[in-house]
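Scroll down for the structure; my scribbles are underneath it.
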Amino acid sequence: MAEPFISTPVITDAAESPLVGHYEQGTFGNLDRGAQVTLTERFPLAICDVFAWTGSETKSANAIKRATKLALTKTRDAVSEDAQAFRHAPGRWTVIAIDPALPETLTTAVGDNATVVDLSHGRTVLRIDGGQSRRVLSKLFPIDFKSDCFPLEKGIATKHHEIFAQIQRVGDDAFDIIVFRSYARAFWHALRRSSEEVGYAVE
Amino acid sequence: MTSHRRPEGGSAIDRDDTVGFTVDGRQYFGLAGDTLAAALLANGVRVMGRSFKYHRPRGVVAIGVDEPNALFTVTTDGVREPNVRATEIEVFDGLAVESQNRWPSLDNDLMAVNQLGGKALAAGFYYKTFMGPVIGPLKGTRFWMMCEHVIRRAAGLGRPGTARDESRYERINAFCDLLVVGGGLAGLHTALEASEAGKRVIVCELEPRWGGGADGKKESEIRQIVDSLESKPDVTLLNRTTVWGWYDGNTLAATERITDHLRTAPEGAPRHRHWVIRTGHVALATGALERPIVFPGNDRPGVMLADAGHRYAETFGVLPGQHLTVLTNNDSAYQAAAALRHVGANIRAIIDVRPEIGAGAQRLADRAGGALKLGHAVVGTSGAKGLKTISVARYNHQTKSFSGGSEQIETDCLLVSGGWSPVVHLASQAGAQPIWDEALQAFLPPDPDKHWSVHGAAAGDLDFGHDLSPAPAPVFEIRHPGKAFVDFQHDVTADDVRLAHQEGFRSVEHLKRYTTLGMATDQGKTSNIAGLAIMADALKMPIPEVGTTRFRPPYTAASLGAIAAERYGDLFPHRLTPMHDWHTDHGARMYAAGHWERPESYNRTGETVEQAYVCEAKIVRQGVGLVDVSTLGKIDIAGPDAAEFLNRVYTNGFAKLPVNKARYGLMLREDGFAMDDGTTWRLAKNRFLMTTTTANAGKVMSHLELCLDVHWPDLRVHVTSVTDQWAGAAIAGPKSREVLASCVTGTAVDNDALPFMGIVHGTISGVPVMICRLSFSGELAYEVYCGAHHGTHVWEALMTAGKPFAIAPYGLEALGTLRIEKGHVTAAEIDGRTTARDLHLDWMLSSKKPFVGSAMMDREGLTDKSRWTLVGVVSRSGEKLHGGAHVVAGDRDEPGASLGHLTAMAFSPEMNAYVGLALIEDGESRIGQHLYAADPVRSQTHIPIEIVSHHMVDPKGERMHG
Amino acid sequence: MIIACPFCGPRDLSEFTYCGDADNLAARPDPAATDQAAWNAYVYDRTNPAGEHAEIWQHSGGCRKFLRVVRSTVTHEIESAEMVGPKA
Amino acid sequence: MQIAGGVPKGLSSMAEYSALSIVKNALTGNRDWKPAWRKPEPKPAYDVIIIGGGGHGLSTAYYLASEFGVRNVAVLEKGWVGSGNIGRNTTIVRSNYLLPGNTPFYEHSMKLWENLSHELNYNVMFSQRGIINLFHTPAQEDDHARRGNAMILQGVDARFVRPPELKRRVPALNVSGSSRFPILGGLEQPRAGTARHDAVAWGYARGADRRGVDIIENCEVTGFVREGDQVTGVETSRGRIHARKVAVAVAGSTSRVMAMAGIERLPIESHVLQAFVTESVKPCLDTVVTYGGGHLYISQSDKGSLVFGGDIDGYNSYAQRGNLPIVEDVMSEVLELFPAFAKLRLLRSWGGIMDMSMDGSPIITRGPLPGLYLNAGWCYGGFKATPASGWCFAHTIARDEPHPFNAPFTLDRFHRGTVIDEKGQGATPWKH
Ligand SMILES: Cc1cc2nc3c(=O)[nH]c(=O)nc-3n(C[C@H](O)[C@H](O)[C@H](O)COP(=O)(O)OP(=O)(O)OC[C@H]3O[C@@H](n4cnc5c(N)ncnc54)[C@H](O)[C@@H]3O)c2cc1C
Ligand SMILES: NC(=O)c1ccc[n+]([C@@H]2O[C@H](COP(=O)([O-])OP(=O)(O)OC[C@H]3O[C@@H](n4cnc5c(N)ncnc54)[C@H](O)[C@@H]3O)[C@@H](O)[C@H]2O)c1
Ligand SMILES: Cc1cc2nc3c(=O)[nH]c(=O)nc-3n(C[C@H](O)[C@H](O)[C@H](O)COP(=O)(O)O)c2cc1C
Ligand SMILES: [Zn+2]
């Protein structure tokens, strides 16, 4: 029953980040204590939504695990050097990988257990890292970023203003924020603004 | 002017740091750490404001947020902030403030003539007059409006400005186990205890300094606790932060003032920060506010709350006057008197309404010196610009009677204490009624529950030191002839309260509204209790039966900027299509469509929008054009029941749609009216791509999700929004196929390979694309979809391939023109009030299956023949039509009733005429009629039109099928 | 207001979208049925109680699932929030 | 100089209000002012009982007595007169409606407003300072033109204003074109404006009282007395009271009260709407302005406060208080229009319970039971309707048939599909 994968596959050399022309490297804001956070855009990435059919959640999780080599379970999110995945709704994962073949690999791996939707072009992933990352994020999201409330590797769905966004904790003080591509520029602007008080570097 | 600064003392000030500031342009000096009120007192300034109604000169009465009189306007970078309490402005070098509500100056205000109105301006007088004549030019509302014009200018306090406030405001979300409101001793101890138990704690204190009203002797204890709290990682200490609102789910709002007290702000620092704090538990340690006593002449500058006077000396080293007197009904003022004496003040007399006092008070009275007049009351004051003398008479507070003559005492400052009111505001915001405490003669917070607790003075735990009793005598007013003020700022007198009672405004809420008691900037912090005590007296009812007025957020006024932080100006959320920069680089005017920005038209230099769109539309009809359709909502619909699902949500059938074909679909709401339209593409047996209108993308997505989760959980269907995944460009015009043929590889695009509504996959310039042949313009047209990151690349490739065919980009205006000519509907017609039949889409209503809306769409109101239905309209005079014009049968002089309206208009290059679409009464039957398009509100045009079919161009659709 | 999404945990009101009376939504008549009175009642009429009210909220800025929330319309106190639809 | 409107003969001789009476009373220490309305004990029976001492209940009583000769009337109010929405609204009065079903009714109301202070011998401070509905895109401009034209064609005043005039009249307005939704212009109804909300309640109460109506406060209706289907009276916290006709005008409490009569389901939901005032400032906004890029309506009271509101909170509520997200939204809309006001300060916020109907339009009708009459569904627009609503409801009660002005406002229009949906939102009351 598996449907052929509907491809807008891969990201070719022609791919262009939505932040082109708005991604200025350097250090900014109040640098009295140096740049206390670092902002980066992670581009390009392969991004998929995996939506398990009721009853096939475990199989789907295992399939994602196989396809990405992540230490993922039905309820545990995971991050590795070249991939990450988190459950943002019951039976539903956002999977991100450096390997552009992710959509096909995943489609094959999950088979009839889940629907895979390629969102590689539809999302922008921004990373914030550094001692003050939680404070900056607190300005933007009504989410508790405290370590034990937001454990390492966990990912969640929320929104910024009225617009859907996702966040995954990828390091001690590092978070990936996944926003709609169309919203990336406005969000980037807000993120930079919120970081000015603590000083930031764009790498 | 005499300096009132003592040579020593003052826990907040830095005697080595003199700062200069101006009031109304006049230079003053203060010390770093001073509030404006303290610095002005130190400079011997007494008049610090004018009252609202009578413009009476007023001095500062309080030391904190309860100050009703001393209000100033602070101007920073040309932006005005009116009504700032002098007790909250921290002076810095260069501070410039302006006094308010006076003309020409604070000391000489001509508006003070209002006082002469005296009793005529009593409560409620507005309602009884100004009705004006019933005939003549001032009849109706005119006379009132004339008077109102003058009244408005006399009212108001500070003057706002018109310059944009460029300050930055920020928002922050916080979470904790315990939020402590108030950084006095009670709050600090509560915080310490919780933090030692490992709790995550936030402490907010509205003052710059910690410690609240605590005695100077407690300074080291306070320092110790603060140090200890500061060292704990899970404790956040926020000073200059007022918690002002308590919302459902223990969500509290607070405003942190970050740079107001600084001459220059650090880089990146916001002026104010809006804190939204979600907490497990709230500990209210908000202290208590001292309240005044109402007596004749009680508003003269120099009359001040006793604790305020005490603290001006202790905190700022400033004496509130040279020759002090005290009026009290309780023991706490004795402490103030003794402490002031200790720092060198001369206490002339202590006047206590009580006939006797305890040993503790007596001891303090002895220390304070001056005459102790028990069983006495102040019955009047005098002094032109400030207090000079008070009149004192023997008083029995039980019988409220006076005896003997009155005695004059010279004094420039009368310190008053009428008892203490715990700050119950926050606890009561959610609606819980505070509880009257007979002993304290005060309202205490309602009973706490598991979400909150109350500590210290806020709980009624008023500890003034051993031997002193917290219980005052129940005296709120000393009733004697003369104007006695209850609400200082609003000039509400005790007689006004009684008049309200007399006229039947007896509920406290009526009292408030009729007299405006408690509606000023201090929200009655100093006046509410006295007001309701006077009303209770008039009603001969106990105070608790009269009750309080309702407490509402904010506790103290909060800047609009802070609450709105990051939601306006350049931080307003907006979304851009992948080709956005290309459009702006090529002269596109952008159009704000909800969150989106879309090209309206590409204006070559000097062109008007109309010239541009006509040119663009012509190019599409005659050659080929390209338009960005990336903003259309796109939804991936997958699963074995996907076709069945579409059958249920669309009015027409989708089950038999072949793979690689698309179909136009219409959705209704449950009530049978049209909701949205769009095409849905079958990409595989169980996989569809639905498109929606830009405006309805979110609404349709939620509708589908609701249907699946709530109504039909048995359907195996997954829906995912893929709006952002795809860039979309529609290439339209007779030459469009040739352009595609020249640049698409991997698939043929001829009529056989790609028939009308067919879908193919190929590549353009090395990038995979999906192409569907469908047409909104009515021309041969295709929608080319590719991954959004490739959007600009494919767009540019299409432009390049189209160059030999003179391709041009077109914007929303041209798109609109083309669809109007074709009679295709958009949101202007699917406006939530139209049915499928109104729009001639009844051919899409399947009779073979039920669908959302099918049960309701045939009700009489939806099928009535006189409903407005869609028609085309052509200008017969060549004049420009206007969207929103109404269709009428009569000429300009007698247009008659509206028959409906134009939903859209354009100049049609194809028909060489201004054309439009209209929804008009029984439209079908009017085709061929000559009517008028009337636009009296805008263009004043009255244009002869002919009603035609809404299919104005190529009614048979030969072009798009060709 | 804070709604405890069974999947996401307690989240701020701003993440949720109100969808109306849960019991009414659950009483959607059979679409094939032509019982106009039932349809009219379903589309237009509400009990609108003061007190306990079962309602549907979508966690639109979160897991996007629909929750059946029992809430007091008088105190805004939330008694329970459960997932509706196919559970996972 | 003021010429008094005059009280009909034979009615209460309580002091007429005028400039003269104010001076006279001032000279005698204001000792002679009488209660604005009596505090009568309820009688055992009345011809008509009106439940709800809000604007609509009081104006209904007033017009029953003054226009339709029905004087044996009681208004039962559970709290104090004006404690409901009449006492907590943003006071905007306008008749700038789009749909033919609404316009004549609201225009009738406007005409009553224009003479109301005289009619009541009570200054309700109706100030025709105009309302300007801003628009920000060409499509919105067309929508506003459509509305303006509809108004003009039905004899209502309307005009367009463009940015230069806007800048002159509302200097703090950001017409720079730099904003996210630049202002293209506005649709103005010059005769629209604001009135002093409490005064409207008090003026109608006093006017009704002077014509013999009993206004009974602290009298909560707790049940209905019925003979078969026929409603013959009410149970109250002050005992049973009989009546030939019982009229319900309880706005946000409609469902609760009607449930006592056995009507369990109605096309109404109760939702909370918040409103806001800033601290008083000198005049800076001399008209009413609404924002088309979101949902905001703002004016400045005579006291100097900016008075404004936005969307409803959007969930069923009887709590008279709202939540923070809407507060933040509304403030951001104020600043989108008036970036100079960021330093003004919010003084107070509150909520009211709106009777949101399924199409956003009201219900003024006989029934749904014999002897019962219903006035409801005012959403957040019923203040302006106060005079016409009372007038039409009084007509309906006295004559047992609607006036043509309120003929479209039936209860069965929902089922029949003849809805009057100004916003085009369908049966989602929280979106109207
Ligand atoms: C915040 C807000 C802003 C608004 N802004 C505007 C605006 O700008 N313009 C506009 O035109 N409209 C506005 N409105 C709407 C308008 O205020 C209302 O539609 C209108 O006031 C409702 O009619 P009413 O005055 O009769 O209601 P209410 O004043 O609510 O009267 C109903 C009365 O019934 C009483 N009652 C309830 N149950 C019982 C019972 N069992 N027994 C006895 N009595 C009972 C209540 O206590 C209440 O006094 C606004 C409303 C709110 C809340
Ligand atoms: N001045 C007084 O209030 C007062 C009166 C009687 C006794 N005392 C003494 O002080 C001690 C009681 O201390 P306490 O801590 O209960 O009261 P406190 O007055 O010392 O402290 C309360 C603090 O809460 C702050 N506050 C109030 N509302 C706030 C809000 N909404 N947001 C942020 N901060 C807010 C106030 O600025 C104040 O600093 C007792 O020992 C008593 O002897 C003080
Ligand atoms: C038009 C209008 C203007 C108001 N102006 C003020 C004001 O200047 N000061 C004030 O404290 N409250 C003002 N209020 C709010 C009232 O104090 C009160 O909050 C509101 O009527 C709701 O009543 P409640 O808070 O008692 O429930 C105003 C209310 C309205 C409707
Ligand atoms: Zn959730």
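Residue numbers begin at 1 in each chain, while the letters A, B, ... track the order of the sequences.
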Checklist entry - For A:His121 and B:Asp724, what are the C-alpha separation, side-chain angles and deciding distance, and is it a side-chain contact (heavy atoms from CB on, under 4.5 Å)? => result CA-CA 7 Å; A:His121 292 261; B:Asp724 281 74; over 6 Å; no
Item to check | Which of B:Ser721, B:Pro578, B:Pro266 touches chain A most, by non-hydrogen pairs under 4.5 Å | outcome: B:Pro578
Checklist entry - Out of B:Arg575, B:Arg171, B:Glu566, B:His718, which one racks up the most heavy-atom pairs below 4.5 Å with chain A? => result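 Highest number of heavy-atom pairs under 4.5 Å: B:His718.
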Output yes when [X] and [Y] qualify as a salt bridge under the 4.0 Å nitrogen-oxygen rule, no when they do not.
X: B:Arg273; Y: A:Glu197; answer: yes
X: A:Arg193; Y: B:Glu170; answer: no
X: B:Arg200; Y: A:Asp144; answer: yes

Ignoring hydrogens, what is the shortest heavy-atom contact between [X] and [Y]? Give both atom names and the distance.
X: A:Arg92; Y: B:Thr720; value: NH2-OG1, 3.3 Å
X: A:Phe51; Y: B:Val719; value: CE1-O, 4.1 Å
X: B:Ala638; Y: A:Trp53; value: O-CH2, 3.7 Å

Next on the checklist: Is A:Leu31 in contact with chain B via its backbone, its side chain, both, or neither, using a 4.5 Å heavy-atom distance?
Outcome noted: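 Neither part, no heavy atoms under 4.5 Å.
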Next on the checklist: Set out, in order, the CA-CA distance, both residues' side-chain angles and the distance that settles ring-ring contact (aromatic ring centres under 6.0 Å, His included) for B:His789 and A:Phe43, then state yes or no.
Outcome noted: CA-CA 10 Å; B:His789 296 326; A:Phe43 182 87; 4.8 Å; yes
Checklist entry - Between A:Phe28, A:Phe145, A:Tyr183, which residue shows the highest count of heavy-atom pairs closer than 4.5 Å to chain B? => result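 That would be A:Tyr183.
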Next on the checklist: Quick check for you: among A:Glu196, A:Arg181, A:Arg185, A:Arg123, which has the greatest number of heavy-atom pairs under 4.5 Å with chain B?
Outcome noted: A:Arg181
Can you say whether [X] sits under 4.5 Å from chain A via the side chain, the backbone, both, or neither, judging by heavy atoms?
X: B:Thr792; answer: side chain
X: B:Asp570; answer: both
X: B:Val659; answer: neither
X: B:His595; answer: side chain

Item to check | CA sep, side-chain torsions, deciding dist, call: B:Arg687, A:Val117, side-chain contact (heavy atoms from CB on, under 4.5 Å) | outcome: CA-CA 11 Å; B:Arg687 197 110 189 202; A:Val117 177; 3.4 Å; yes
Checklist entry - Any donor and acceptor pair, going by atom type alone, linking the side chain of B:Asn173 with main-chain N or O of A:Ser138 inside 3.5 Å? => result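 Looks like yes, one N/O pair under 3.5 Å.
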Item to check | Worked verdict on A:Thr12 versus B:His793 for side-chain contact (heavy atoms from CB on, under 4.5 Å) | outcome: CA-CA 10 Å; A:Thr12 71; B:His793 181 78; 5.8 Å; no
